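Because the structure is a prediction, the values reported are computed rather than measured. Just so it is clear, the values below take in all heavy atoms, side chains as well, and ignore hydrogens, waters and symmetry mates. Protein chains get the first letters and strands the later ones, always in sequence-line order, with residue 1 at the start of each.
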There are 2 protein chains.
Amino acid sequence: MSAVGSPALPSPHVRAKRRRRRAEILEAALRAFRDQGYHATTLDDIAARVGVRKTALYHYFPDKEAILYACHRESLLEVGRLIEEARRGYGTAAEQLAHVIREHVRLMTDTLQGSPFAFDVGALSPGHERRVIAARDAYERQLRAIIEEGVRRGEFAAVSPKVAVFAILGAINWIARWYRPEGPVGGAELGRQFAEHLVGGLTCRRAR
Amino acid sequence: MSAVGSPALPSPHVRAKRRRRRAEILEAALRAFRDQGYHATTLDDIAARVGVRKTALYHYFPDKEAILYACHRESLLEVGRLIEEARRGYGTAAEQLAHVIREHVRLMTDTLQGSPFAFDVGALSPGHERRVIAARDAYERQLRAIIEEGVRRGEFAAVSPKVAVFAILGAINWIARWYRPEGPVGGAELGRQFAEHLVGGLTCRRAR
DNA sequence: GTGGAATTTGAACGCAGGTTCAAAATCCGA
DNA sequence: TCGGATTTTGAACCTGCGTTCAAATTCCAC
């Protein structure tokens with residue numbers, strides 16, 4: 001071990017093992033919260049999905065709310081990238097918006113990482129709730145900016161960007177409530193159909 | 001009182017009073033469930049909104065789940081009428097769908113009666129859950145039928161009616177998560193914008 | 001006015017679930 | 001191998017909340 005009186009850092013191997021366990025717990029929690037809701041999900045539920053007793057969870061997370069917050073954080077990291085990718089990869093607002101929709105749907109269906117966007121934030125501590133809401137607001141503002149640009153360029157009808165974003169996010173977030181990966185429609189195809197429907201509702205109306 | 005041995009029916013006045021109290025409890029519960037979710041709402045919460053102690057609620061409902069189920073039933077009664085009205089009042093699929101969307105949005109925003117559509121059904125007893133799901137499925141089938149007819153007539157693009165209905169209901173149900181009646185957009189205007197966006201996304205694409 | 005019905009109340013109970021704790025088991029680096 | 005670190009466990013604790021109960025209060029129909 002290291003010098004006397006100086007606590008040793010765990011080895012890289014032990015740190016990696018701990019990270020894997022945390023990731024496993026978070027994935028189990030994410031699925032449980034998505035299936036049943038935060039309040040209806042018990043620590044016993046999550047622990048059972050991992051294969052341990054619930055008291056083991058306290059070795060990795062201080063409490064249940066911290067698990068929920070970690071799920072939110074991972075989700076926000078994922079969606080945070082979508083806008084940058086859209087801006088970099090596409091020239092028109094319609095293409096950018098379609099990309100974000102497709103990718104957001106993929107997060108809801110393939111990795112389920114987008115599911116926390118559908119979670120109520122009321123179960124978070126006040127500080128955590130503020131942070132999650134701030135990040136969600138930033139994402140929504142970026143979506144609104146894309147729509148505003150589309151309206152300005154004449155690509156989109158003169159809609160309220162705020163209302164349009166709520167409608168789009170509502171359609172996407174609701175996927176957590178009904179989509180099952182074993183169903184007949186794959187995530188990519190679902191994303192394509194959602195993008196056509198939701199972007200189409202903006203682009204075509206300008207012709208009237 | 002009535003004849004010995006024969007329990008008296010309450011008078012019309014007492015029955016009316018009882019109905020008003022039940023309606024008051026259901027409205028308070030509906031708002032509390034919508035604001036906080038079923039599990040995070042306590043009977044103390046609901047009772048406080050009514051102005052009684054929680055034990056008084058047991059005079060009108062056998063338990064907490066019965067209150068939730070009654071909220072669902074009222075909501076389903078309301079939305080059940082939308083399709084009939086749409087079929088009677090409009091000739092094209094686009095007009096019918098637009099009407100249902102506008103009116104469903106109104107239920108979400110004005111009376112809040114549509115909010116239970118956004119609630120998870122997991123908290124209901126198995127029997128109640130089956131009934132609520134059956135009624136929701138019937139509503140979704142009717143929406144799909146409108147869209148199928150629109151596709152058949154060439155009014156709508158060749159979309160998957162199932163996916164389109166999920167997208168539409170997702171956008172509408174999500175209103176319970178963000179809409180506040182004191183905000184700048186009224187329910188009627190919101191309904192109009194949602195109808196334009198969501199129906200527009202179906203009608204225009206057939207031109208391509 | 002009054003007896004009975006209806007409604008509400010405060011107190012109490014029981015239990016589920018989040019959390020703590022100390023001991024046991026497993027892992028790991030030297 | 002082995003001592004110490006890490007992880008997991010079973011037991012226990014505590015609290016919040018749904019529910020029950022008996023008594024008190026209010027309402028109502030005659």
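- For Arg49(B) and Asp35(B), the salt-bridge test passes: some basic side-chain N is under 4.0 Å from an acidic carboxylate O.
- Distances from the side chain of Tyr58(A) to the nucleotides dT9(C), dG18(C), dC28(C) place dG18(C) closest.
- Atom NZ in Lys64(A) sits about 9 Å away from atom P in dG17(C), given to the nearest Å.
- Using a 4.0 Å cut-off between a side-chain N of Lys or Arg and a carboxylate O of Asp or Glu, Arg144(B) and Glu148(B) do not qualify as a salt bridge.
- Between dT8(D) and His59(A), no contact under 4.0 Å exists linking OP1 or OP2 to a side-chain N or O.
- Salt-bridge annotation for Glu149(B) and Arg87(B): present, with a side-chain N of the basic residue lying under 4.0 Å from a carboxylate O of the acidic one.
- Applying the salt bridge (Lys or Arg N to Asp or Glu O under 4.0 Å) test between Glu24(A) and each of Arg22(A), Arg20(A), Arg21(A) identifies Arg21(A) as the sole match.
- With rounding to whole Å, Arg53(B) atom CZ is found 17 Å from dA22(D) atom C1'.
- Rounded to whole Å, the distance from OH on Tyr60(B) to P on dA6(C) is 11 Å.
- Annotation: cation-pi geometry satisfied between Lys64(A) and Tyr38(A) (NZ/CZ under 6.0 angstrom from ring centroid, within 45° of ring axis).
- In the model, Ser125(B) has a side-chain atom that pairs as donor or acceptor with a side-chain atom of Glu65(B) under 3.5 Å.
- Among the nucleotides dT8(C), dC21(D), dA6(C), the one closest to the side chain of Thr55(B) is dC21(D).
- Applying the side chain to side chain contact (heavy atoms under 4.5 Å, CB included) criterion to Asp120(B), with sequence neighbours excluded, gives Arg177(A).
- A close approach under 4.0 Å does occur between a side-chain nitrogen or oxygen of His13(A) and OP1 or OP2 of dC28(C).
- With hydrogens and angles left out, the side chain of Lys54(A) and the base of dG17(C) share no donor-acceptor pair within 3.5 Å.
- Distance Leu57(A) CG to dT20(C) C1': 14 Å, rounded to the nearest Å.
- Between Phe61(B) atom CZ and dT20(D) atom C1' the separation is 19 Å, expressed in whole Å.
- For Glu95(A) and Thr92(A), the side-chain atoms include at least one donor-acceptor pair closer than 3.5 Å.
- The shortest distance between the side-chain N/O atoms of Ser11(A) and the OP1/OP2 oxygens of dG29(C) is below 4.0 Å.
- Shown are Asp44(B), Asp45(B), Asp63(B); of these, the salt bridge (Lys or Arg N to Asp or Glu O under 4.0 Å) with Lys54(B) is made only by Asp44(B).
- Residues from residues 15-45 of chain A with heavy atoms under 4.0 angstrom of DNA chain D, sorted by number: Arg18(A), Arg21(A).
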For nucleotides 23-25 of chain D, print each protein N/O atom paired with a nucleotide N/O atom at under 3.5 Å, atom names and distance only.
none

